[in-house]
Amino acid sequence: MATLNSNGFVLTTVDELLSWGRRNALWPLTIGLACCAIEMMHAAASRFDLDRLGVIFRASPRQADLLIVAGTVVNKVAPMLKLLWEQMPDPKWCITMGGCASAGGPFPTYSTLQGIDRIIPVDVYIPGCPPHPQGLLYGILQLQKKIKEKGVNKYDKAFEEFRKDMERQGLLPREVVV
Amino acid sequence: MPWMNQVTADRVKREFKEVEVERTKHTTNLHVRQEKLVDLMLHLKEKEGYKLFVDHTCIDFPEKKERFQGIYLLYNPDANERVLVKTWAVGGELPSLEKVWPCARWAEREAYDMFGVVYRGHENLRRMFMWEGYSHFPLRKDFPLEGIPEVELPSLTELYAGRTDPPSHDYELVHTRVPTLEDLERTEKSRLQKKAQLVLNWGPLHPGTHGTIWFLFDLDGERVVQSDVILGQLHRGMEKIAENVYYFQFLPYTDRMDYISAICNELSYVTAVEKLLEVEVPEKARYVRTMFAELQRINSHLLWLGTGALDLGALTVFLYAFREREKIMDIIEGNAGFRLTSAFLRIGGLHYDLAEGTLDVVRAFLKDFPNRLKEYHNLLTRNRIWLRRTKEVGVITREDVYDYGLTGPVARGSGVPYDIRKLEPYAAYGEVDFDVPVGEVGDVYDRYLVRMEEMVQSLRIVEQCLSKLEKLPKSAPFVNKEHPAVMAPKEEVFMALEDMVKNFRIVVHGESAPPGEVYASGENPRGELGFYIYSVGGSKPYRLRIRSGALYNLSIFPKLIKDGTIADAIALLGSLDPVVGETDR
């Protein structure tokens, strides 16, 4: 932990400093898939105001380090979402918002992906259909706690495994002839 | 709304000898052989005035020889009459109607995707919601709801934590097939052949597309030469779910279709089911339904206003609109216990009685909201940037409205006063007084003004409902629990034996509906949301077709944006205001 000595200096480790910076500036990617996206917008608007947690929505995956999967992920969207997740630089985190993204929710059908964790490793699951904006806030606070406690090292390994998994399934983009 | 009258039916019968006119309890059907279908449709459109194409779908009867029956729903705006045209798909084929009504193209694509019915003469018959290479037809009766599990997709969360056997939580390892990026690229290429310089993909995961719509623009510089829309990025199989659950169980799913106006969806659905089951609704419930549907309409229009303005760069409007949305959502949450997907209505009434103090809160909202509306007007209506971005952009003519089956504010923006609340009053709309605003030019700006005025009219309706509800005694019934298909309120279930037995029976066995077919629709913020229920008896619908207003409103997009610019596409899409949950279902 950081300690403040009498001369006004802060003593801490580099890891702790990085983790402090990372968890207080989680920039999510602006993606809304379904109903939960509306609640996500509400969380970002003036009443709940995500900005005060340092959560600022970014339009490009290259600038984002948090993916909030808000809404039903259907099979057709899954590879695109995975591609966006791939484009996000490490370290990165993923929050599933709502029942559909977490486990298929009320849609056990032919077209719905039964849980986004089948294609993207998830850090925090938020239940609800859709969750209240407060639920999303709580989820983000949980993620901050997780980053504080666990650091980010495990993600390097996880990412490597994930990339290999993509390659094995042939999901990396290639030229296609029609 | 009445159905085709006898005189017209006789006239059609004289013209087309082999047409059979069938009058069921709730509909009038014309049966025709498919060779004569196009002629009959042309006749109905041009001679008889059935101009508005409402919907087309198919029903699968696996035991019949021809198997698929095509169903067309048309509307005559002059006589205010509907008609259903039915024809059998001989050899799994039907003639395409895209020459008669261009929007039939999308409906036919959907029927092909879901049933595998081939349309002769369709310009590009491709998968509507699924991707190229998907090998099943989901709405066929022999296809299971949960699909066919093909690939093993374990949970990565579990995988990284160390996979266990049996799995750490209860889930199926084997999953339906997920497409590869190649599949999606093939889908894209099959939809649009490049003619100009560059094909630009807009969406599906783009904040400006208001959901997961995938646009393809073939660009010459900034000019759009041709474009196409790929849907299905939120296709959750609603219609298939409906065939597999009881009537009351499908109600929460309707919330998740057009998730911005959940109560309006519920109202359309319960109207249809109550018509089929012949349930009378108590007066109080009707007024509460109307009031909440109108609050929801304001809520929905505020979201359209906020995001539409945000797309054109006006961030302030977004924040202001969301401030008011929070107030309405609090009212809804206080009554239904849920902010967004509320499941407040029930077949035969409401889930809960009005919460203590609701009427005072609504009264305060009514007092406050006109000033807020003035704020929005100050920000936008005479704003020069707003005017330049929206005037003379995306002009929809009256003919387009009928050809493309446009409804809701999009139709009214072009001067067509098509409003189900007036034409076929449901809930308490027949007993309240309100105006239907219409535009003149039919551009983006007109649609903006129409929606702004609709909010004022909604306030009027809410005001009248409020006065009525204040006069009604507090103990007035809010659900018609005498009807055998209506569940009693929860509190009474715990107190009375017969109510408990009835609820138990409905939950286990479902409501038993009489055989027959019914079409009922409601005026949603996004146009006419209709439910066509084909029942063969029993507690589940044999086929439930959802007529989505947003889908048909979106179908005109490629035509309007042709020769426009990319910047116009954003303003135009904002004014059409589709919600993907409803277009894809």
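Here is the naming used below: chain letters follow the sequence lines, and residue numbers restart at 1 for every chain.
- A/Arg118 touches chain B through backbone and side chain together, each having a heavy atom under 4.5 Å away.
- Proximity to chain B is absent for every atom of A/Ala37, based on heavy atoms less than 4.5 angstrom apart.
- When heavy atoms are compared at a cutoff of 4.5 Å, B/Leu173 approaches chain A solely by way of its backbone atoms N, CA, C and O.
- Between chain A and the options B/Tyr253, B/Trp214, B/Phe318, B/Phe143, the largest number of non-hydrogen pairs under 4.5 Å is found for B/Tyr253.
- The distance between the ring centers of B/His235 and A/Phe107 does not fall below 6.0 angstrom.
- With a 4.5 angstrom heavy-atom cutoff, A/Leu113 touches chain B via backbone and side-chain atoms both.
- Heavy atoms of A/Leu33 lying under 4.5 Å from chain B belong to its backbone as well as its side chain.
- Among B/Glu146, B/Arg339, B/His136, B/Gln233, the residue with the largest count of heavy-atom pairs under 4.5 Å with chain A is B/Arg339.
- Of the atoms belonging to B/Met238, it is side-chain heavy atoms, and not backbone ones, that fall under 4.5 Å from chain A.
- Interface remark: B/Leu153 contributes backbone and side-chain atoms alike to the contact with chain A (heavy atom separation under 4.5 Å).
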Evaluation steps, salt bridge (charged side-chain N to carboxylate O under 4.0 Å, His left out), between B/Glu185 and B/Lys189: CA-CA 6 Å; B/Glu185 206 166 332; B/Lys189 295 221 164 120; 3.6 Å; yes
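- Neither the backbone nor the side chain of A/Ile116 comes within less than 4.5 Å of any heavy atom in chain B.
- When B/Gly237, B/Gly232, B/Pro179 are compared by the number of non-hydrogen pairs under 4.5 Å with chain A, B/Pro179 comes out ahead.
- For the set B/Val178, B/Asp255, B/Ile260, B/Leu234, the count of heavy-atom pairs under 4.5 angstrom toward chain A peaks at B/Leu234.
- Taking the six-membered ring for Trp and the full ring otherwise, the centers of A/His42 and A/Phe48 sit at least 6.0 Å from each other.
- With a 6.0 Å cutoff to the six-membered ring centre and a 45° limit on the axis angle, B/Arg256 does not count as a cation-pi contact of B/Tyr259.
- With a 4.5 Å cut-off on non-hydrogen atoms, A/Tyr125 touches chain B through its side chain but not through its backbone.
- Taking chain A as the reference chain and counting heavy-atom pairs below 4.5 Å, the highest number among B/Thr341, B/Val580, B/Val579, B/Leu340 is found for B/Leu340.
- The closest side-chain heavy-atom distance from B/Arg325 to A/Ile38 is below 4.5 Å.
- For B/Tyr320 and B/Glu324, the side-chain atoms include no donor-acceptor pair closer than 3.5 Å.
- Of the atoms belonging to B/Glu333, it is side-chain heavy atoms, and not backbone ones, that fall under 4.5 Å from chain A.
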Worked check of salt bridge (charged side-chain N to carboxylate O under 4.0 Å, His left out) between B/Lys141 and B/Glu243: CA-CA 9 Å; B/Lys141 285 284 172 192; B/Glu243 290 172 11; 3.2 Å; yes
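- The greatest number of non-hydrogen atom pairs below 4.5 Å with chain A, out of B/Thr307, B/Ile241, B/Thr212, B/Leu184, is found for B/Leu184.
- Residue contact with chain A, scored on non-hydrogen atoms closer than 4.5 Å, is absent for B/Ile148.
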